[in-house]
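Quick notes on the structure that follows.
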Amino acid sequence: MMIKSVSVSPFDDQKPGTSGLRKSVVVFQQPHYLECFVQAIFNSVPGLAGNTLVLGGDGRYHNAEAIQTILRMAAAHGIKKVLVGQYGLLSTPAASAVIRKYQAAGGIILSASHNPGGPDGDFGIKFNSANGGPAVESLTEAMYANSQQLTEYQIIESEPVDINEQGPSQLGEMQIEVIDPVSDYSELMASLFDFDAIRQMFRKGFRIRFDAMHAITGPYAREILERELGAEAGSVINAVPKTDFGGGHPDPNLAHAKELVTEMYSAHAPDMGAASDGDGDRNMILGQHFFVTPSDSLAVLAANATLVPGYASGLAGVARSMPTSQAVDQVAKELGIACYETPTGWKFFGNLMDGGHITLCGEESFGTGSDHVREKDGLWAVLFWLNILAVEGDSIKQIVQQHWSRFGRNYYTRHDYEAVDAERASELMLRLEGKLEYLIGTAPNGLHITAADNFAYTDPVDGSISHKQGLRILFADGARIIYRLSGTGTQGATLRIYVEVYEQAASKQEQDTQQALAPYIQLALELAQVPTYTAMNKPTVIT
Ligand code: G1P
Ligand code: ZN
């Protein structure tokens, strides 16, 4: 088959963010736009030619077209074999699992995660390396550099490949294997968790409601929760993936998973509620009339890990992103294991896992995971909770309350100001950063500041340093205020303010979160003059 070289002038905006290159669909629909970035990936990742590549996405609008383009470019690049999910589908954690299981040289995942989809929504593409994890920063920088100098890309001409039937086919010299997107993943889950114990719990009448939000986890959750574990039919709602996620915002949080939240706070709430996002790597956990913060969820999983077969021998260590609450730090201290604090984004956990330093990790942004793959994993977190519940026999609320009485409670919230004027948002950050050194040792509104900086991280495995990862203000009582600008938004800037307070006294652990944090939230607004710079008097999303 003829390889065609197409001459192009480079696009100047192909810089990958927190999680790959994410832009609106219309940007990706520009002629040659996707092709240029794919070529930049192929040019930057050594050793792809002659090897196996995994390919799939979350099924959002433009997924199907992009898969065909990438297959034709992969054939032109001399890729030996592509494992592609049936219908072009693979959840992000499943893609990571498949890369690892078949020892592929890497994978291309098409997703904009929790961002809305459809013709007016977002699209995204990212490369995961042979360890199954997102490309490290040096590699994404190489892709960006390459994209800026690109003069041509290579592609073969062919009819669309049929990816609706499982099995092998050929495109030029390249083999294609259309795989079941679910089976490798569900096999991995069965190897980690006590499926028999969970089955028995469902048999005794335990009820779960899992909201797949019309995104990728529908088929996974139906297969694993309903078919394999015997949860009652209909336990998974919004289970059919749609290219526009049914018009919804596929982000599992209190603001966007409305239907689920309403049911979990109703008189007939099931025992457990859970949801996942567009590409299946995030999770939200709810009990009856009870919300588990993602930071607490990570801490509870860490504290109870040895109840679960896959983690019975204990944890090597744990890690959390810097803005994530310090709840898991308390657990690590008691278990006598290391706890790492990394910048936001999953890519920083990969090295720690590959180096054997950590087993579990998580982020406040509804991400939890372990070294079974190199991505966060929504359904995995749900199964972990189910396994703990099956062993303990307590409710979710009881388990979390017992956790607080043992380790203390970290009240925690994140306030997002979305679509802020990008220049004003940078000004806010710059001005605040300039003030930080003068805040140390002061006590505005009576709150004692002991430290303040722009977080930098030195990777203990490869020694690489990541600067400017968020402004931190630390208080004498363990409280923290953190400011960051999002690296995944596609409109203007999103300012994230994270606020945390530690409460050891059991008598003070039943307050409303926003009230418990109110003095610090107030101070956060004042210190950064948030209403002035954002032109908003309240956040757009509170989680
Ligand atoms: C957000 C989250 C971050 C997560 C990322 C990808 O990034 O805050 O924790 O890793 O999405 O899911 P941000 O928009 O804050 O850069
Ligand atoms: Zn996601």
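Counting starts at 1 for both ligands and their atoms, following the listed order.
Note: no N/O pair closer than 3.5 Å links His114 and ligand 1 by distance alone. The shortest N/O to N/O separation between Arg22 and ligand 1 does not fall below 3.5 Å.
The atom of Asp277 nearest to the Zn ion (ligand 2) is OD2, with the search restricted to N, O or S atoms.
Scanning the protein heavy atoms around atom 12 (O) of ligand 1, the nearest turns out to be Lys376 NZ, 3.0 Å. Remark: minimum distance from atom 11 (O) of ligand 1 to any protein heavy atom is reached at Arg282 NH2, 3.1 Å. The nearest heavy-atom contact from the protein to atom 7 (O) of ligand 1 is Thr488 CG2, 3.5 Å. When only non-hydrogen protein atoms are considered, atom 16 (O) of ligand 1 lies nearest to Gly487 N, 2.6 Å. The closest protein non-hydrogen atom to atom 10 (O) of ligand 1 is Glu363 OE1, 2.7 Å.
For ligand 1 and Arg484, the ligand atoms under 4.0 Å from any heavy atom of the residue are 13 (P), 15 (O), 16 (O).
Within the 4.0 Å heavy-atom shell around ligand 1 one finds Gly345.
To the nearest 10 degrees, the Zn ion (ligand 2) sees OD1 of Asp279 and OD1 of Asp281 at an angle of 90°.
Heavy atoms of Arg414 found under 4.0 angstrom from ligand 1 belong exclusively to the side chain.
Atoms CG and SG, on Leu352 and Cys361 in that order, are 8.5 Å from each other to the nearest 0.5 Å.
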